[in-house]
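Worksheet for the structure shown next.
Only heavy atoms go into these numbers, but all of them, side chains included; no hydrogens, no water, no symmetry mates. Only a predicted model underlies this, so the values are computations on that prediction, with no experimental measurement involved.
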Amino acid sequence: MDSATSDRAALRATADNGLKIVVVGGFGVGKTTMVRSVSEIRPLNTEETMTRAGEAVDHLDGVHSKTSTTVAFDFGRITLDERSVLYLFGAPGQERFWFLWDRLFSGTLGAVVLVDTRRLADSWYAIDRLEHHGTPFIVACNYFGGPLHTEQQIREALALSDDVPLVECDARDRSSSKYVLITLVEHLHALSAARAADSAPSTASKGDGQTLAALTPESAP
């Protein structure tokens, strides 16, 4: 087990609302880095050294300097308030580990699709599986340098609808990664308020007062 973050905070006794979030994306887009940078506890990383045995199955286009890879999942935690915490699960990116994704999506409140704009096609599978499961998500473009793309170009390349938030980030930076998670939580709030308004128009004004508890999936992870 590897870690780049020391234990920073014990779980508060008042915390009774655990929300599961999954970070998905292609191989080498920075999922492990994001979980490491933002977690308030020492993250669990199931990284193993890449060897010649994997050369035939792991495509290293654009990530030739990568020397390790996640073989199960990453796990971290970040506190939102006195009662609510996010539990972060980083999914493995290689195609040979995609069979794990459906299990990781079980009980998930929402997801971050992390993308490398130099390799946008690597993100298609993640978006497809989230849409298949009906899991709300946002897209975060991790900065790796290279040519810049407009928001519209990225949306068209990923076939994103206008209601899916698209943000830029640096997965190495804690504040940037926190902003991504805040954007996801705000998106989930908006979706929950819209559903409440559709089902009970007379109580639509209560949307702003809803807590994250109302967003918790019926089936716990």
Side-chain angles (χ1 to χ4, degrees), residues 1-12 19-47 50 60 62-70 73-81 84-93 104 108-120 122-123 126-127 130 136-151 153-155 157-158 160 164-190 212:
M1 181 173 67
D2 184 26
S3 68
T5 309
S6 60
D7 290 313
R8 299 174 184 164
L11 185 62
R12 297 175 182 176
L19 311 172
K20 181 180 177 183
I21 298 297
V22 175
V23 182
V24 296
F27 183 42
V29 297
K31 300 179 296 296
T32 296
T33 300
M34 174 170 281
V35 173
R36 280 178 174 173
S37 70
V38 78
S39 179
E40 64 191 13
I41 61 172
R42 178 176 293 136
L44 167 67
N45 300 132
T46 57
E47 285 201 312
M50 298 178 66
L60 300 180
V63 287
H64 295 288
S65 61
K66 191 169 177 60
T67 59
S68 62
T69 184
T70 299
F73 60 85
D74 305 308
F75 175 77
R77 189 192 78 208
I78 182 170
T79 299
L80 294 178
D81 54 37
S84 303
V85 295
L86 293 182
Y87 293 110
L88 310 176
F89 290 80
L104 282 177
T108 296
L109 181 66
V112 173
V113 179
L114 197 60
V115 305
D116 177 351
T117 55
R118 303 169 302 172
R119 300 178 289 125
L120 286 172
D122 292 352
S123 305
I127 293 173
L130 289 169
F137 66 92
I138 69 168
V139 174
C141 298
N142 194 13
Y143 182 71
F144 285 94
L148 298 177
H149 303 278
T150 66
E151 177 177 333
Q153 288 174 327
I154 296 172
R155 286 188 177 278
L158 297 177
L160 292 181
V164 175
L166 175 64
V167 298
E168 296 180 351
C169 73
D170 182 343
R172 301 167 298 180
D173 181 74
R174 177 173 170 80
S175 61
S176 182
S177 295
K178 283 182 67 176
Y179 171 72
V180 171
L181 297 178
I182 290 171
T183 301
L184 174 60
V185 170
E186 289 177 344
H187 178 53
L188 296 172
H189 265 303
L212 285 173

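- Between the side chains of Thr32 and Asp74, at least one donor N or O sits under 3.5 Å from an acceptor N or O.
- Between Gln153 and Thr150, the shortest heavy-atom distance links the atoms OE1-N, 2.9 Å.
- In this structure, the side chains of Lys20 and Leu109 stay at 4.5 Å or more apart for every pair of heavy atoms.
- Here the CD1 atom belonging to Ile138 is positioned 11.5 Å from the CG atom belonging to Leu130, to the nearest 0.5 angstrom.
- Taking CD of Glu40 as the reference point, atom CG of Leu88 lies at 9.0 Å (rounded to 0.5 Å).
- In this structure, Arg172 contributes its side chain and Gly30 its backbone to no donor-acceptor pair below 3.5 Å.
- Every residue was checked against the side-chain contact (heavy atoms from CB on, under 4.5 Å) condition with Glu168, not counting sequence neighbours, and none meets it.
- The CG atom of Leu181 sits 6.5 Å away from atom CE of Met34, with the distance rounded to the nearest 0.5 Å.
- No side-chain donor-acceptor contact under 3.5 Å links Glu151 to the backbone of Leu166.
- Considering every non-hydrogen atom in both Val22 and Val24, the closest pair reads CG1-CG1, 3.3 Å.
- Of the inter-residue distances, the one linking Leu86 atom CG with Ile182 atom CD1 reads 10.0 Å to the nearest 0.5 angstrom.
- At a threshold of 4.5 Å between non-hydrogen side-chain atoms, the residues Ile127 and Leu160 count as touching.
- Nearest heavy atom pair, residue Asn142 against residue Val29, reads ND2-O, 2.9 Å.
- Put simply, the side chain of Ser39 gets close to the backbone of Arg77: a donor and an acceptor are under 3.5 Å apart.
- Between the side chain of Ser176 and the backbone N or O of Cys169, no donor-acceptor pair lies under 3.5 Å.
- Side-chain contact between Asp122 and Phe27 is absent, with no heavy atoms from C-beta onward closer than 4.5 Å.
- Closest heavy-atom contact between Phe75 and Val35: C-CG1, 3.8 Å.
- The heavy-atom pair separating Ile154 from His149 by the smallest distance is CG1-CB, 3.9 Å.
- Lys178 places no side-chain N or O within donor-acceptor distance of the main-chain N or O of Asp173, the cut-off being under 3.5 Å.
- Val113 and Ser123 make their closest contact through CG1-CB, 4.4 Å (heavy atoms, listed as atom of the first residue, atom of the second, distance).
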Let me see the working for Val38 and Val180 under side-chain contact (heavy atoms from CB on, under 4.5 Å), right down to the final yes or no.
CA-CA 10 Å; Val38 78; Val180 171; over 6 Å; no
